[in-house]
Amino acid sequence: MLRITDARTGHPVPAAPARRGLTRVEVHAPAHGTGALRVLLVADVLVRALELDGTPVWAHRTGDHGRAGLRTAAAALGIRPFEDGGGGAAGLGGAQALHVAPADADVPDGVRVGVAGVEVPDGVPPWVADVDAPDAVPTEGAGPDPTALRLALLSERRDVPVRLDAAALGEAADTLGRWRRAVADWARLPSRPVPEPLRVRLRAAWEDDLDVPAVLRVLREVEDDPDLPPGARFETYAYADRLLGLELTREIGMHA
């Protein structure tokens with residue numbers, strides 16, 4: 001069961017107290033900036049984790065909805081579009097409410113899923129420094145893969161600030177490219193089930209306060225484990241990508 005640390009109390013609580021009960025995810029993202037993009041991304045991964053556990057979710061965003069640039073940036077990173085407003089919340093009865101918001105935000109009653117800020121130093125590409133500017137995020141084939149920015153933002157726990165310098169972005173791009181090529185190579189060989197110990201470790205990681213960096217560490221171990229058949233590595237990466245949303249299977253069939 002997914003447990004989330006409530007930023008109000010510092011104590012872990014079940015993300016979905018009632019088995020298969022509806023959980024409402026309310027996203028309190030600022031109107032612009034890379035920090036806003038991180039809030040949206042954490043909400044996206046949270047919804048994925050709940051859905052992987054079979055929990056029905058209603059996710060919506062509050063606040064200023066007029067930033068088309070931020071919407072474009074979020075879509076480029078594979079972040080799902082959230083419904084606008086929460087006008088239907090009153091009819092949801094006792095549904096659990098998870099409020100995904102910046103760490104210092106003031107949000108309504110409910111579990112607060114705090115998201116730390118993003119530091120963007122001088123010298124990084126404009127599409128990172130000003131993600132919600134018109135045409136800031138490159139389209140496919142027209143510049144750096146925006147999914148590398150998604151990976152860079154996921155590389156720290158959500159309650160730890162992220163520094164998006166050139167080194168972090170370069171490492172994320174290199175890792176993403178290497179993993180996609182590896183997955184494409186492994187896909188050529190017979191598939192094998194995800195080994196149960198790996199499945200347990202992956203779920204234990206993301207169910208522990210959405211610890212995505214721990215999920216990434218498991219994938220790094222799998223990448224270098226000579227005792228795992230290629231087919232099992234492929235299925236492990238594909239399984240983890242249901243949470244990560246990095247399109248790790250995108251290059252299957254693209255390499256000779």
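Residue numbers count from 1 along this sequence.
Between the CG atom of Leu77 and the CG atom of Leu37 there is a distance of 5.0 Å, given to the nearest 0.5 Å. Here the OG1 atom belonging to Thr23 is positioned 10.5 Å from the CD1 atom belonging to Ile4, to the nearest 0.5 angstrom. Rounding to the nearest 0.5 Å gives a distance of 7.5 Å between CG of Leu2 and CG of Asp53. Going from atom CG of Leu248 over to atom OG1 of Thr147 covers 9.5 Å, rounded to the nearest 0.5 Å. Rounding to the nearest 0.5 angstrom, the gap separating the CD atom in Glu251 from the CZ atom in Arg180 is 6.5 Å. To the nearest 0.5 Å, atom CG of residue Asp211 and atom CH2 of residue Trp206 are 12.5 Å apart.
Val160 and Leu151 sit in two unconnected hydrophobic clusters of ILVMFWY residues. Membership requires side-chain heavy atoms under 4.5 Å apart, directly or through other members. By the rule that hydrophobic residues join a cluster once side-chain heavy atoms approach within less than 4.5 Å of another member, Val13 and Leu210 end up as members of one cluster. Residues Val25 and Val107 do not share a hydrophobic cluster, defined by chaining ILVMFWY side chains whose heavy atoms lie under 4.5 Å apart.
A salt bridge links Asp44 with Arg48; the closest basic N to acidic carboxylate O contact falls under 4.0 Å. Taking the charged nitrogens against the carboxylate oxygens, Glu221 and Arg201 do have a contact shorter than 4.0 Å, which makes a salt bridge.
Using modelled atom types, one finds a donor on one side chain and an acceptor on the other under 3.5 Å when comparing Glu235 with Ser191.
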List the steps, then state whether side-chain contact (heavy atoms from CB on, under 4.5 Å) holds for His60 with Arg24.
-> CA-CA 8 Å; His60 63 96; Arg24 178 164 58 91; 3.6 Å; yes
Determine, step by step, whether Asp225 and Arg233 satisfy the salt bridge (charged side-chain N to carboxylate O under 4.0 Å, His left out) criterion, reporting the C-alpha distance in whole Å, the side-chain angles of both residues, the deciding distance to 0.1 Å, and the verdict.
-> CA-CA 9 Å; Asp225 188 344; Arg233 296 190 200 188; 5.7 Å; no
Given Arg203 and Asp208, is the salt bridge (charged side-chain N to carboxylate O under 4.0 Å, His left out) satisfied, shown in steps?
-> CA-CA 8 Å; Arg203 292 197 69 96; Asp208 179 15; over 6 Å; no
Take Glu247 and Arg150, measure what side-chain contact (heavy atoms from CB on, under 4.5 Å) needs, and give me the verdict at the end.
-> CA-CA 11 Å; Glu247 298 182 320; Arg150 181 182 178 105; over 6 Å; no
May I have the step-by-step check of salt bridge (charged side-chain N to carboxylate O under 4.0 Å, His left out) for Asp84 and Arg71, ending in yes or no?
-> CA-CA 12 Å; Asp84 286 341; Arg71 289 180 181 274; 3.0 Å; yes
Applying side-chain contact (heavy atoms from CB on, under 4.5 Å), run through Leu22 and Val57 and close with a yes or a no.
-> CA-CA 6 Å; Leu22 177 67; Val57 183; 5.6 Å; no
Going through the checks in order, is the side-chain contact (heavy atoms from CB on, under 4.5 Å) test met by Glu223 and Tyr237?
-> CA-CA 9 Å; Glu223 178 184 17; Tyr237 270 61; 3.2 Å; yes
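For Arg158 (side chain) and Val115 (main-chain N/O), no donor-acceptor pair under 3.5 Å exists by modelled atom type. Between the side chain of Asp6 and the backbone N or O of His11, no donor-acceptor pair lies under 3.5 Å. Put simply, the side chain of Arg192 never gets that close to the backbone of Pro229: no donor and acceptor are under 3.5 Å apart. Judged by distance alone, with hydrogens and angles left aside, the side-chain atoms of Arg112 form a donor-acceptor pair with the main-chain N or O of Ala105 at under 3.5 Å.
In plain terms, the two heavy atoms of Gly114 and Ala7 that are nearest each other are N-CB, 4.1 Å. Listed here is the closest heavy atom pair of Arg38 and Ala116: NH1-O, 3.1 Å. Looking at every heavy atom in both residues, Ala43 comes nearest to Val27 through CB-CG2, 3.6 Å. Pairing each heavy atom of Ala240 with each of Leu219, the nearest pair is CB-CD2, 3.9 Å. The heavy-atom pair separating Ala15 from Gln96 by the smallest distance is O-CG, 3.3 Å. Of all non-hydrogen atoms in Ala214 and Ala205, the two that sit nearest each other are CB-CB, 3.6 Å.
For the pair Leu244/Leu216, a side-chain contact is recorded, criterion being any heavy-atom separation below 4.5 Å from C-beta on. Contact check for Asp241 versus Val183: no side-chain heavy atoms found under the 4.5 Å cut-off. Counting only heavy atoms from C-beta outward, the side chains of Arg163 and Pro121 approach each other to under 4.5 Å. Contact check for Arg80 versus Val47: side-chain heavy atoms found under the 4.5 Å cut-off. Side-chain atoms of Phe82 and Val100, non-hydrogen and from C-beta on, never get closer than 4.5 Å to each other. Here the side chains of His28 and Asp106 are not in contact, with every heavy-atom distance at 4.5 Å or above. Residues Leu202 and Thr236 meet the side-chain proximity criterion, which asks for heavy atoms closer than 4.5 Å. Side-chain contact check for Val222 versus Val218: some heavy-atom pair is nearer than 4.5 Å.
Residue Arg157 qualifies as enclosed at atom CZ: its count of foreign heavy atoms under 6.0 Å is above 12. Annotation: Glu171, atom CD; neighbour count of heavy atoms from other residues, nucleotides and ligands within 6.0 Å does not exceed 12.
Within the cation-pi definition used here (under 6.0 Å to the ring centroid, within 45° of the axis), Arg199 qualifies as a partner of Tyr239.
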